[in-house]
Amino acid sequence: MIRLNGALCRQLLVIALLVYCNKGFAQKLTEFRPTEVWPDDRGEHIQAHGGGITKIKDTYYWYGEERRKGLDSNKRYVSCYSSKDLMNWKFRKDVVQMTDPNNQGEGWVLERPKVFYNSKTKKYVMYFHLDNKSYKTASVGIAISDEPDGDYTFVKSFRPLGHESRDIGQFVDDDGTAYLIFEDRPYGFRIARLSEDYMDVEKEMCLISQHMEGGAIVHYKGLYYAIGSALTGWRANPNKYATAKSLEGPWSEFTDIAPPETNTYGSQSTLLLKVVGTKGTTILYLGDIWKPKTQWDSRYLWMPVEIGDGKLWLPAPKPFKLNIKTGLVTE
Ligand code: DGJ
């Protein structure tokens with residue numbers, strides 16, 4: 001039998017405590033650090049790629065593609081995190097752990113999950129891009145849950161309004177109406193209103209004849225701003241924006257949101273998030289920096305955009321602070 005003396009025991013205890021603290025209590029973050037590793041409450045890099053955000057009361061839920069190492073390669077996973085300040089995120093769980101729901105075959109695809117909360121049915125309705133490995137199915141899937149971080153049950157998949165649909169984006173207008181943005185190759189991207197229970201895509205608002213992925217929309221001071229990327233797979237490209245007074249259009253010409261030579265600082269749009277506070281409103285650009293060969297290390301570029309009077313500009317990434325109560329950004 002090995003006998004430990006008192007000093008050794010104490011040393012081992014301190015080491016065990018340090019290991020535990022490091023795992024269990026990651027340091028509270030005090031600023032956003034776009035492009036860097038983003039630790040969650042466990043100190044692990046957030047895995048919520050191609051994601052969407054749903055706000056319930058004062059809590060934000062971030063859903064995205066779970067791409068950590070060691071996943072079952074037959075399954076696809078959607079993660080869920082929660083936060084009150086958009087910066088410190090608690091990992092809730094993988095709310096989707098799905099096996100190929102309707103025979104898409106090996107290498108099937110579940111991407112860009114987005115959750116809409118329906119206050120009438122009290123259901124959390126998740127849309128996602130469902131495809132086969134060559135992206136020919138081009139459909140959306142729906143899974144639902146009674147809780148934001150519950151186990152989502154697959155309901156059905158379909159082509160919205162009969163159209164091809166690859167990348168999807170979510171948009172909830174100020175009046176609470178929910179829309180799906182989806183890429184319909186070769187026509188462009190479409191904005192369509194969801195049905196009352198959100199279980200269907202009901203009415204097309206507009207087809208924007210621009211080939212764009214990662215579509216996102218925000219309604220700001222009477223104008224709609226739509227952004228998206230070009231179609232270059234996982235490689236970044238210059239993302240662009242257009243504006244319109246109504247979702248039906250007409251939409252302006254598309255213009256770069258950042259210096260084109262930076263390829264949107266290596267990122268691709270996934271959402272425009274409006275943070276309304278007591279003193280102001282900040283619009284955050286939420287983008288993914290994909291690392292296709294090491295997807296678990298893909299990063300995020302979240303930055304406040306300069307926006308107004310029909311102009312939208314994404315400044316170069318740098319650390320910033322956002323006061324969630326006032327809605328104001330400081331450096
Ligand atoms: C670009 C899309 O935006 C991503 O979500 C993903 O589908 C890749 N293409 C796949 O190449």
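These numbers come from a predicted model, not from an experiment. Residue numbers start at 1 and run along the sequence shown. First listed ligand is number 1; within each ligand, the first listed atom is number 1.
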Problem set entry | Any pair counted as ring-ring contact (aromatic ring centres under 6.0 Å, His included), so long as it reaches residues 247-296, sequence neighbours left out | Trp234-Trp290
Exercise. What is the ring orientation for Tyr300 with His45, classed by angle as parallel under 30°, tilted 30 to 60°, or perpendicular over 60°?
Worked result: tilted
Problem set entry | Parallel, tilted or perpendicular: ring planes of His129 versus Tyr135, cut at 30 and 60 degrees | tilted
For this session: Could you name the protein residues that come within less than 4.0 Å of ligand 1, counting only heavy atoms, and order them by chain and residue number?
Result: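 Its neighbours under 4.0 Å (heavy atoms only) are Glu111, Arg112, Tyr135, Asp167, Glu213, Gly233, Trp234, Gln268, given by chain and number.
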For this session: Kindly indicate whether the side chain of Pro113, heavy atoms from C-beta on, has any atom under 4.5 Å from the side chain of Met126.
Result: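 Yes - at least one pair of side-chain heavy atoms lies under 4.5 Å apart.
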Please report, to 0.1 Å, the donor-acceptor pairs under 3.5 Å made by any side chain of residues 68-75, with sequence neighbours excluded.
from: Arg68; atom 1: NH1; to: Glu66; atom 2: OE1; distance (Å): 3.1
from: Arg68; atom 1: NH1; to: Asp94; atom 2: OD2; distance (Å): 2.8
from: Asp72; atom 1: OD1; to: Asn74; atom 2: N; distance (Å): 2.8

For this session: Any chance you could pull the hydrophobic cluster mates of Trp313, using side-chain heavy atoms under 4.5 angstrom and chaining through other members?
Result: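 In the cluster with Trp313 there is nothing else; it is isolated.
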